S.K.: 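Please see the structure below; I have some questions.
These numbers come from a predicted model, not from an experiment.
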Amino acid sequence: YVDTLLAETAGWALLAVFCVSWAFLFLKVGQEHEHGKAKAFAGSIVGSLLIALTGLLSVVTVFGLSSLAAVSLTSFSVMAFVLSIGYSTEYSVHIIHRWLRSPMSLTCSKERVEYTMEFLFLPTFMSFVSSTIGIICLAFTEFHFNSVYFFRPLIIVMFATYFYGCYLLPFILQMLDFEFLRLGPAGREEDQEELLDAEKVGAVRSNDEF
């Protein structure tokens, strides 16, 4: 029963991530009116699929590593496993959005990834560190149950989601050098910094709140 619960819960969570991410990306790009709806639709679909893929890889990895760490499949551990989808989404949605919206003056995907990570590496790293410190506190609990079913899977969640969201995802993005995935503003890169500075503030606040 518990394995079915995990599969169903993770499946619905990934579906929700895909739908909400697509709506966010499509509406965000569409409101600028700089690209056609077909291009915005296609780019948002790819971006949403990548965000959902990051979540899928995270939950599978966390489940596997937690099993190796002697964490039994219970309703408590399922909660931690599914939580990995939320953390991976929190990383990847900012990176995907910034990458899609990179200035059109950046001609290749590698430059767009560099542009994205120069902007987001520090806030995502700070989010990872602050969340991990909070989880480490669980390691000092006197209750063995908390150590096994909360600390072990959650500390794995921290490292797995950060790796997939901030290292593997940018690597994949470098290989997606397609014109329909370029949905950024026209003009020179330096002319867009003031417009995009608000994204960094939003990313930091969102990560801290999460």
S.K.: With a 6.0 Å cut-off on ring centres, are Tyr162 and Tyr167 close enough?
M.R.: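 Close enough - the centres of the two rings lie under 6.0 Å apart.
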S.K.: Taking C-beta and beyond as the side chain, do Ser102 and Thr116 meet within less than 4.5 Å on heavy atoms?
M.R.: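 Yes, side chains in contact.
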S.K.: So do the side chains of Ile135 and Ser131 get within less than 4.5 Å of each other, counting heavy atoms only?
M.R.: no
S.K.: First locate atom CG of Leu169, then atom CG of Leu57, and finally report the distance between them rounded to the nearest 0.5 Å.
M.R.: 10.0 Å
S.K.: Is Glu111 reaching over with its side chain to a backbone N or O of Thr107, donor-acceptor style, under 3.5 angstrom?
M.R.: yes
S.K.: Sub-3.5 Å donor-acceptor pair from the side chain of Ser109 to the main-chain atoms of Asp177, do we have one?
M.R.: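 Not at all, since once roles are kept as given, no pair shorter than 3.5 Å links the two residues.
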S.K.: When rounded to the nearest 0.5 angstrom, what distance separates OG1 in Thr89 from CZ in Phe18?
M.R.: 13.0 Å
S.K.: Check the pair Leu173, Leu50 against side chain to side chain contact (heavy atoms under 4.5 Å, CB included), reporting the backbone distance first and the verdict last.
M.R.: CA-CA 9 Å; Leu173 293 179; Leu50 289 171; 3.6 Å; yes
S.K.: Looking at side-chain heavy atoms only, is the closest gap between Leu176 and Trp99 below 4.5 Å?
M.R.: yes
S.K.: Quick check: closest heavy atoms across Gly165 and Pro170, and the distance to 0.1 Å?
M.R.: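 Looking at all heavy atoms of both residues, the shortest contact is O-CD, 3.7 Å.
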S.K.: Tell me whether the centres of the aromatic rings in Trp22 and Phe41 are closer together than 6.0 Å.
M.R.: yes
S.K.: Taking Val20 as the starting point, is it possible to reach Ile96 by hopping between hydrophobic residues whose side chains are less than 4.5 Å apart?
M.R.: no
S.K.: Are there over 12 heavy-atom neighbours, none belonging to Phe143, within less than 6.0 Å of that residue's CZ?
M.R.: no
S.K.: Got a second to check how far Ile172's CD1 is from Leu168's CG, nearest 0.5 Å?
M.R.: 4.0 Å
S.K.: Between Phe81 and Val157, is the side chain to side chain contact (heavy atoms under 4.5 Å, CB included) condition met? List the steps.
M.R.: CA-CA 7 Å; Phe81 299 157; Val157 165; 5.9 Å; no
S.K.: So, Ser77 side chain and Ser72 main chain: donor-acceptor pair closer than 3.5 Å or not?
M.R.: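 Judged by distance alone, yes, a pair lies under 3.5 Å.
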S.K.: With no hydrogens and no angle check, just 3.5 Å: does a side-chain donor-acceptor pair link Tyr164 and Thr61?
M.R.: yes
S.K.: For Arg101 and Leu183, work out which heavy atoms get closest and say how close.
M.R.: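 For Arg101 and Leu183, the tightest heavy-atom pair comes out as NH1-O, 2.6 Å.
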S.K.: How far apart are the closest heavy atoms of Gly43 and Leu181, and which atoms are they?
M.R.: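 Smallest heavy-atom distance, with atoms named: CA-CD2, 3.8 Å.
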S.K.: Report yes if some heavy atom in the side chain of Tyr149 is under 4.5 Å from a heavy atom in the side chain of Thr74; otherwise report no.
M.R.: yes
S.K.: Out of curiosity, does Leu15 fall in the hydrophobic cluster containing Leu49 (side-chain heavy atoms, cut-off under 4.5 Å, transitive links)?
M.R.: no
S.K.: Are side-chain heavy atoms of Phe128 and Cys166 found at a separation under 4.5 Å?
M.R.: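 When only atoms from C-beta onward are counted, Cys166 and Phe128 do not touch, as no gap falls below 4.5 Å.
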S.K.: With distance as the sole test, does Ser130 use its side chain to make a donor-acceptor pair with the main-chain N or O of Ser127 at under 3.5 Å?
M.R.: yes
S.K.: Rounded to the nearest 0.5 Å, what separation is found between the OG atom of Ser147 and the CZ atom of Arg152?
M.R.: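 So the OG of Ser147 and the CZ of Arg152 are separated by 5.0 Å.
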S.K.: For the residue pair Arg182 and Glu179, establish whether any side-chain heavy-atom pair is separated by less than 4.5 Å.
M.R.: yes
S.K.: Near Phe76 CZ, under 6.0 Å, is it more than 12 heavy atoms from other residues, nucleotides or ligands?
M.R.: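 Incorrect, the count does not exceed 12.
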S.K.: Could you grab the distance from atom CZ of Phe26 to atom NZ of Lys37, nearest 0.5 Å is fine?
M.R.: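 Rounded to the nearest 0.5 Å, the CZ-NZ separation comes to 6.5 Å.
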S.K.: Walk me through whether His94 and Thr124 qualify under side chain to side chain contact (heavy atoms under 4.5 Å, CB included).
M.R.: CA-CA 9 Å; His94 292 299; Thr124 53; 5.7 Å; no
S.K.: Applying the 4.5 Å side-chain criterion to the ILVMFWY set and letting contacts propagate, would Phe159 and Leu56 be lumped into a single cluster?
M.R.: yes
S.K.: With clusters defined by side-chain heavy atoms of hydrophobic residues (ILVMFWY) lying less than 4.5 Å apart, directly or transitively, does Val2 cluster with Val148?
M.R.: yes
S.K.: Rounded to the nearest 0.5 Å, how far does CD1 of Ile51 lie from CD of Glu90?
M.R.: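 Spacing of CD (Glu90) from CD1 (Ile51) equals 11.0 Å.
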S.K.: Is Phe63 close to Leu73 at the side-chain level, that is, under 4.5 Å between some pair of heavy atoms?
M.R.: yes
S.K.: Measure across Val62 and Pro153 and return the closest heavy-atom pair with its distance rounded to 0.1 Å.
M.R.: CG1-O, 4.1 Å
S.K.: Would you say Phe125 and Val93 are hydrophobically clustered, going by side-chain heavy atoms of ILVMFWY under 4.5 Å?
M.R.: yes
S.K.: Which heavy atom of Gly55 sits nearest a heavy atom of Leu14, and at what distance?
M.R.: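 So the two residues come closest at C-CD2, 3.8 Å.
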S.K.: Stepwise, does the side chain to side chain contact (heavy atoms under 4.5 Å, CB included) test hold for Leu138 with Leu154?
M.R.: CA-CA 9 Å; Leu138 293 173; Leu154 288 177; 4.1 Å; yes
S.K.: Any side-chain heavy atom of Arg98 within less than 4.5 Å of one from Met117?
M.R.: no
S.K.: What closest approach, in Å, do Phe151 and Ile136 show between heavy atoms, and which atom pair accounts for it?
M.R.: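 Between these two residues, the closest heavy atoms are CE1-CA, 4.0 Å.
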